[in-house]
Every structure is written in structure tokens, then in C-alpha cells.
There are 2 protein chains.
Amino acid sequence: METVGAAEAAPRPGLRERKKQRTRDALLRAALELFTTRGYEQTTVDDIAEAVDVSQRTFFRYFPGKEEAAFAVQDMVEEQFLESLRARPPHEAPLEALRRAVLDNWDRIGEAIMSLVPLELHLRMFRAIESTPALLAAHLRRSVETEEQLARLLAAREGLDVDTDPRPRLLTAAFGGVMRVTGRQWSTSEDLSLEGIRALTAAYLDQMGPALTGNWRATGPSGSGG
Amino acid sequence: METVGAAEAAPRPGLRERKKQRTRDALLRAALELFTTRGYEQTTVDDIAEAVDVSQRTFFRYFPGKEEAAFAVQDMVEEQFLESLRARPPHEAPLEALRRAVLDNWDRIGEAIMSLVPLELHLRMFRAIESTPALLAAHLRRSVETEEQLARLLAAREGLDVDTDPRPRLLTAAFGGVMRVTGRQWSTSEDLSLEGIRALTAAYLDQMGPALTGNWRATGPSGSGG
DNA sequence: TTGTCTTTTGTCAGTGGCTGACATTAGCCT
DNA sequence: AGGCTAATGTCAGCCACTGACAAAAGACAA
């Protein structure tokens, strides 16, 4: 409601804005490239800054810290997952909504990733996160934050108070656990593709029930293995 | 099998060893005391060292880093939990064994904690961990490591291969999720006692099933609230 | 075009976690 | 007492990160 009646789709930002965007983009790519080749700990912020030919200080003006650069794409993925869940019709049961939202998201996410960095680079970065203790820790903390938002969303859908009824948080925690195991397994597999992780997600969600009832000796892993 | 036939219970370690133990003990207590009062980020390693009147370098000879000091007691708790699980009779189903092991552990753990630091100090530290992002991240990563060990233990019990059958990891991940929600809820409650967290653990484990089936609107939270 | 305003960037100095190297202290043992 | 070894202190240095200030470099109006 600012410019009156003008079709203000994308009035092409000025040179300044474009330059900023390019710098951020270059920093992000350089960071991921270095993290995934040399390793996260072995990459200094100076290395990244030098690769883009800016000062170290400039890097910190674009990213709060080294870590945040590593998770810039992941940020977007999680954001979009929340949107996927918000888009689920209200009649779906909580776990069903979660399930459909993730799977939906794996179908949609490729485009969004590629608008930031090459898809393959992000997949490699995901692997690096899983295998770097410091990044894994950060990843888990971020996941917990996402789970909290999911819990609040579901509680609202069902008309529950998340502070007096533990079930929403318990569900999203268990769900998050399954996602974590999925991501871990996928990151050590050979099939580093979105289709691969989508299939694994579906398979592991199917296994959650059997895993909990726990009469493991009676039946083998019904469905897919690893 | 070193000293032949000698009743080598506790031949009272020499002065050197005793001094070392005292220094470590003092460092740990000073660290926890400072972390829980001033805050983790607001406490420098120099502060801790100075409080014990040793050099900063000495602190790092006793603890690999600032973080490890914060988790020294937690280390022991997790270790003992694993033992509790190993002690479960083999006929118990996996989830049942986990449940009994945690509850057992909450009954036993008080003694072990008090042999290191005052119980109340550790409980305060647990709170600090939950509310300090950097510590929460570390806590989660450590939890995931514990879950992996739990999964391997259970898989061995049931004669399963943890690398081809996802169910052990899925179970311990879900279980870990419940523990996390429990710890979080407890850390924000008023009842900061071992009995309190034991009761909450039992209640939340009971809620896991209902939370997953997810027909939340039909029934209120059967059992305890928060 | 020029001059002004504002944003972006670089430079510099400093803090805190952490490490390697080397000298010093202090328990230990004959 | 004197030598051996383990614990400690000191010092120099790396890296992530921050505040402060000065130096470019777009944006915009006259």
C-alpha cells in the first residue's frame, strides 16, 4: 500500500543493491565450496573473504558468523517446510499432516535450493553438516527450534495449549527424531539425490510404528531396509 | 592382574594424585558456580582459573574446553544410564527396557551426582544448559551420541543389525525426543528435584502413544498435564 | 557535472577460546 | 641429598568475532 496503483513487481534494484546481492551470493558459494572440500574447521573466515576478495569484516557484515553461512540454504528449506505444513487441510490428523508436508516439501524444494546455490553443492554441504561435530550440534539445535514451531502450529490447528498439553511437543520431537535418522542414513548412502531422501523419508516414517511397538524379533523390518 | 594376590582396594593415592583431584574438583565447582550465577557466556576461562588460583593453561589441562566443564556431571549421568539399560533382563521389549532403565536411573543417580558436586548445583546447571543456546546445541549432540549407543545395545539384544534395520535407531530417536521434551519442561518448572523429573519422565512416556496416534480432539491429555 | 548525503567497505585494535613450546616447580623415589 | 618425572606457569600465536573510525562508492538534487 505504498506506491499508489503502480504495478511494482520488480522495479530492478539499483546498482548498490545488486552489488550487495552478488557479494552475499559469492560469499555463500565460496564458503560452501571451501567447507565441502577442505572441511569446515580447516576453513578460516579469512579464506572465504579472500576467495571473494573482500575483507574479513565484510564477511561478518553479511553473516553473523561462520556457522550461519553453513546453514543459509538450510534456513530456507526449514522455512518452506513450515509453509508446507501450514498449507495442509485442517481435517488431517497431526502426524498425517506432518508426513504429507515433508514429502510435499521434498518435491518442491529443488527449485528453491537451485535459486541460491547449485543443488549438488547443497547436498554435499548437508553431508558435511552431518559429519562435522560442531555443525551437527548447531543443526540439532536448529531442528529443535523448528520442532517447537511445528508443535505450536499443530496445537493451534487442534485447539490445544502447547504449555498444558505435552502431546504436540512429544509428537514433533518423535517426528524430528525420525527425520534426523533419515538424514543421517541418507548422508552416508550413495544415492545423494532429492528423490533418494524423499523415498527414505517415506520408508522410515512407515517404520516408526513398528519400531515403537518393538516386537522386533517376530517380524523383520517390514517394508524397506536401509 | 598386576599386583599379585594383594587386596588392592584403595591404597590411598599419593599427595600428587590427591592434589590433582582437588584441583579438578575445585575447577569444576567454580565453573558450575560461575556458569549458573553469572551465565555461561559471561564467564571466561580466566575467571574460572582465577577463582581456583591456577593459570588458564592449567584449566585446559583438566578440561578440553570450557564446554566440557559444563558437561562433566552430565557425562557421568549418561554413562550410568547406559549401564542401567545393560542391566535390564533380556526378555523385556526394547521400549519397555528403555523406560525401566531411565526410571531406575533417576532413582540411583542422586548419590553419584553428590559425589561430584552438590546436587542442587547440578540441577541448576541443567537449567543453564537448557537455556543457553551454545550449551543446548552441545547437549543435543551428546544426546544423539547416547541414542546411537542405545540403539546398538538394543539391536544387539534383539539380534539385529543396526545398519540394515532402521528400527533400533528410530526407537531411540523417538525415545530421545521424549526425554528432551521432558528435560525441557522440567527445567522451566518450579519443582527442581529428582523426584520431579522422574515423575515427569514416567508421565511423558505414557503420553508418547497417544501423542502419535494423534486423535487429539477426541480425548484430553489422559494422565498428567505439564 | 558537481556537491552532498548515505550506505558499504576497509583498517585497526582488542577480547576470548584454545594450542604448542619451553622453562619452572614440586611430588616421588633411591 | 639428588635425580627423575609429572604438574604448572609463562609466552607467543591462531582464529572467531566486535566496536570504532576513516575511506570509498552509489544515490540524488541542484
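Basis for what follows: all heavy atoms, side chains included, without hydrogens, waters or symmetry-related copies. Naming convention: chains lettered A, B, ... in sequence-line order (proteins, then strands); numbering from 1 in each chain.
Applying the side-chain hydrogen bond (donor to acceptor under 3.5 Å, both in side chains) definition to pairs two or more places apart or across chains, none involves residues 127-140 of chain A.
In this pair, A:Phe175 and A:Phe81 present their aromatic rings parallel. The plane angle is below 30°, not in the 30 to 60° band.
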Item to check | Nucleic acid footprint by protein, nucleotides 1-6 of chain C - heavy-atom cut-off 4.0 Å, B for base, S for sugar-phosphate alone | outcome: -----B
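A salt bridge links B:Asp163 with B:Arg169: the distance from a Lys NZ or Arg NE/NH1/NH2 to an Asp or Glu carboxylate oxygen falls below 4.0 Å. No salt bridge links A:Asp104 with A:Arg198; every basic N to acidic carboxylate O contact stays at or beyond 4.0 Å. In this structure, B:Arg142 does not pair ionically with B:Glu79, as no charged nitrogen and carboxylate oxygen lie closer than 4.0 Å. Using a 4.0 Å cut-off between charged side-chain N and carboxylate O, B:Glu83 and B:Arg88 make no salt bridge. Between B:Arg124 and B:Glu33 there is a salt bridge, since a side-chain N of the basic residue sits under 4.0 Å from a carboxylate O of the acidic one.
When DNA chain D is scanned 5' to 3' for any atom under 4.0 Å from a heavy atom of chain B, the first and last hits are D:dT5 to D:dT10.
Residues of residues 63-71 of chain A that place a heavy atom closer than 4.0 Å to DNA chain D, in numerical order, are A:Pro64, A:Gly65, A:Lys66. Of the residues in residues 48-57 of chain A, those placing a heavy atom less than 4.0 Å from an atom of DNA chain D are A:Gln56, A:Arg57, in numerical order. Listed by residue number, the members of residues 17-25 of chain B with any heavy atom below 4.0 angstrom from DNA chain D are B:Lys20, B:Thr23.
A donor-acceptor contact closer than 3.5 angstrom links the side chains of A:Ser193 and A:Asp191.
Nearest approach of B:Ala151 to B:Pro168, heavy atoms of both residues: O-CB, 3.7 Å. Heavy atoms only, all atoms of each residue included: A:Tyr204 and B:Leu170 are closest at O-CD1, 3.7 Å. B:Leu28 approaches B:Val117 most closely through the heavy-atom pair CD2-CG1, 4.0 Å. A pairwise comparison of heavy atoms in A:Val77 and A:Asn105 identifies O-ND2, 3.7 Å as the closest pair.
Rounding to whole angstrom units, CD of residue A:Glu41 and P of C:dT19 are separated by 11 Å. Distance CZ (A:Phe60) to C1' (C:dT8): 17 Å, rounded to an integer number of Å.
Looking only at distances, a side-chain donor or acceptor of A:Asp47 sits under 3.5 Å from a matching main-chain atom of A:Thr44.
The 12-atom threshold is not exceeded at CD of A:Glu111, counting heavy atoms of other residues, nucleotides or ligands nearer than 6.0 Å.
With A:Ser143 as reference, A:Glu147 is the one residue of A:Arg141, A:Glu147, A:Glu145 to meet the side-chain contact (heavy atoms from CB on, under 4.5 Å) rule.
Within the structure, every side-chain polar atom (N or O) of A:Tyr62 is placed at least 4.0 Å from both OP1 and OP2 of C:dT8.
At a threshold of 4.0 angstrom between heavy atoms, the contacts of B:Phe59 with the nucleic acid are absent.
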